[in-house]
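Structure, as structure tokens:
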Amino acid sequence: MDLSKAGCVSSRQALAKMQKEQIPEDSRQRQLPKSPVLRAILNFAPSWFQVVMSTGIVSILLHIAPHRFPGMATIGTVLYIANVCLLLVFTMITIARFVFFPWAFLQMFRHPAQSLFLGTIPMGLATVCNATVLIAVPAYGQWAINLAWVLWWIDVVLSVLSTCVMPTVMFELQKHSIETMTRAWFLPIVPCVVAAALSGEVASVLPRPHALITLIVGYVLWGIGVSMSFLIMGLYLHRMASYHHLPNPEAMGSAFVPVGPCGQGAYGLILIAQAGQTVFSESDFAGQADSGRLIMHE
């Protein structure tokens with residue numbers, strides 16, 4: 001009897017010791033940091049890259065808008081520099097978040113809304129790349145061209161990862177339903193459409209061999225992004241038809257989200273065709289000596 005009691009006591013002590021060793025370690029990883037800076041880093045979400053997107057778009061518009069006023073280009077350049085700084089700061093904060101709080105990485109992927117905003121990262125980078133072509137290339141020449149091409153390839157990789165990985169994450173790690181579908185479902189898909197449109201801009205300043213590769217990849221990205229966008233548009237229409245109600249008044253703006261892939265896709269196809277008219281016409285592409293005329297007619 002004494003031996004059995006001793007055995008039970010020793011077993012309980014061993015179990016308590018094991019729990020004491022394991023629980024504090026896990027709680028130390030997941031407890032909220034006391035430092036305000038670390039707390040801000042922990043709470044930093046990918047949706048902040050929407051600021052990079054909007055700032056970059058404004059800087060681009062100030063350089064391509066047909067109606068000009070004095071200082072317009074200067075304001076656009078200042079916004080371009082500020083946007084580059086925002087992109088660098090947000091990228092460093094994102095890296096720091098997953099270095100200091102690695103468990104937050106998996107939690108973010110499991111979150112049905114926050115993870116979808118990862119698509120804003122390549123779209124924010126795309127605005128920086130586009131502004132680099134418009135602002136830095138005319139001013140600084142070849143090194144700016146090389147920078148724009150490198151940024152575009154990084155954007156391509158991030159866009160493909162967003163389009164291919166995030167739907168898989170939605171299938172395997174998250175729970176979604178048609179009833180709760182939101183505009184955020186478009187965010188992982190649209191980066192491919194944006195990168196495809198950007199290929200036309202970047203190819204216009206590249207040497208012919210590099211421009212040819214860029215345009216071919218752009219057509220592939222366009223096909224991936226636009227086709228996936230139409231699939232999600234079908235689901236979005238099914239949601240409204242099946243549940244017989246429009247989005248809530250505060251979310252009514254989301255009804256215009258499908259305009260983005262359609263408009264950007266059409267604009268991107270025009271940009272690729274314009275660049276391809278020059279690039280393809282001077283190369284024997286697909287067995288056609290004057291293949292540029294097959295891409296776009298004047």
Side-chain angles (χ1 to χ4, degrees), residues 53 56-57 60-61 63-66 119-120 122-134 137 145 148-149 151-164 167 183 185-237 256-298:
M53 292 170 53
I57 290 171
I60 293 169
L61 288 176
H63 276 270
I64 65 175
T120 61
M123 285 192 284
L125 177 61
T127 62
V128 172
C129 181
N130 197 345
T132 300
V133 174
L134 295 174
V137 168
I145 294 175
W149 203 41
L151 291 176
W152 181 77
W153 278 111
I154 296 174
D155 185 62
V156 168
V157 173
L158 294 177
S159 299
V160 172
L161 287 175
S162 175
T163 303
C164 296
R183 64 183 177 85
W185 283 32
F186 285 95
L187 292 178
I189 310 301
V190 176
C192 274
V193 183
V194 176
L198 185 58
S199 68
E201 292 279 1
V202 176
S204 64
V205 298
L206 290 174
R208 192 172 303 112
H210 295 167
L212 182 62
I213 297 173
T214 302
L215 291 178
I216 293 173
V217 175
Y219 274 116
V220 174
L221 293 172
W222 189 90
I224 295 172
V226 172
S227 60
M228 291 286 289
S229 296
F230 275 112
L231 291 176
I232 298 178
M233 287 180 207
L235 292 174
Y236 200 69
L237 180 62
F256 294 92
V257 171
V259 177
C262 294
Q264 186 70 18
Y267 179 63
L269 196 60
I270 293 172
L271 289 178
I272 297 174
Q274 286 176 340
Q277 190 176 20
T278 302
V279 175
F280 291 145
S281 63
E282 298 177 0
S283 62
D284 186 11
F285 179 72
Q288 299 290 334
D290 195 11
S291 54
R293 295 185 180 275
L294 300 177
I295 305 300
M296 184 174 181
H297 293 278
E298 291 184 347

- Task: Taking side-chain hydrogen bond (donor to acceptor under 3.5 Å, both in side chains) as the test, write out the residues that go with T163, two or more places apart.
- Result: none
- Partners meeting side-chain hydrogen bond (donor to acceptor under 3.5 Å, both in side chains) with T120 (sequence neighbours left out): none
Kindly write out the residues that satisfy side-chain contact (heavy atoms from CB on, under 4.5 Å) with [X], not counting sequence neighbours, or none if the list is empty.
X    : value
I60  : I64, T127, N130, A131, L134
P122 : D155, L158, S159, P191
A266 : none

Approximate separation, where rounding is to 0.5 Å, of [X] [atom1] and [Y] [atom2]:
X    : Y    : atom1 : atom2 : result
S199 : W149 : OG    : CH2   : 12.5 Å
L271 : L198 : CG    : CG    : 9.0 Å
I272 : I216 : CD1   : CD1   : 11.5 Å
L269 : Q264 : CG    : CD    : 11.5 Å

Side chains of residues 222-235: which donor-acceptor pairs under 3.5 Å do they make with residues two or more places apart or in other chains?
{"from": "W222", "atom 1": "NE1", "to": "G265", "atom 2": "O", "distance (Å)": "2.7"}
{"from": "S227", "atom 1": "OG", "to": "G223", "atom 2": "O", "distance (Å)": "2.6"}
{"from": "S227", "atom 1": "OG", "to": "I224", "atom 2": "O", "distance (Å)": "3.0"}
{"from": "S229", "atom 1": "OG", "to": "G225", "atom 2": "O", "distance (Å)": "2.7"}

- Non-hydrogen side-chain atoms of L206 and W152 separated by less than 4.5 Å: no
- Query: Heavy-atom distance under 4.5 Å between the side chains of W153 and V202, does that happen here?
  - Reply: no
- Item | Heavy-atom pair with the smallest gap, counting every atom of A203 and A275 | CB-CB, 4.3 Å
- Which atom names give the shortest non-hydrogen contact between A148 and C129, and what distance separates them? O-SG, 3.2 Å
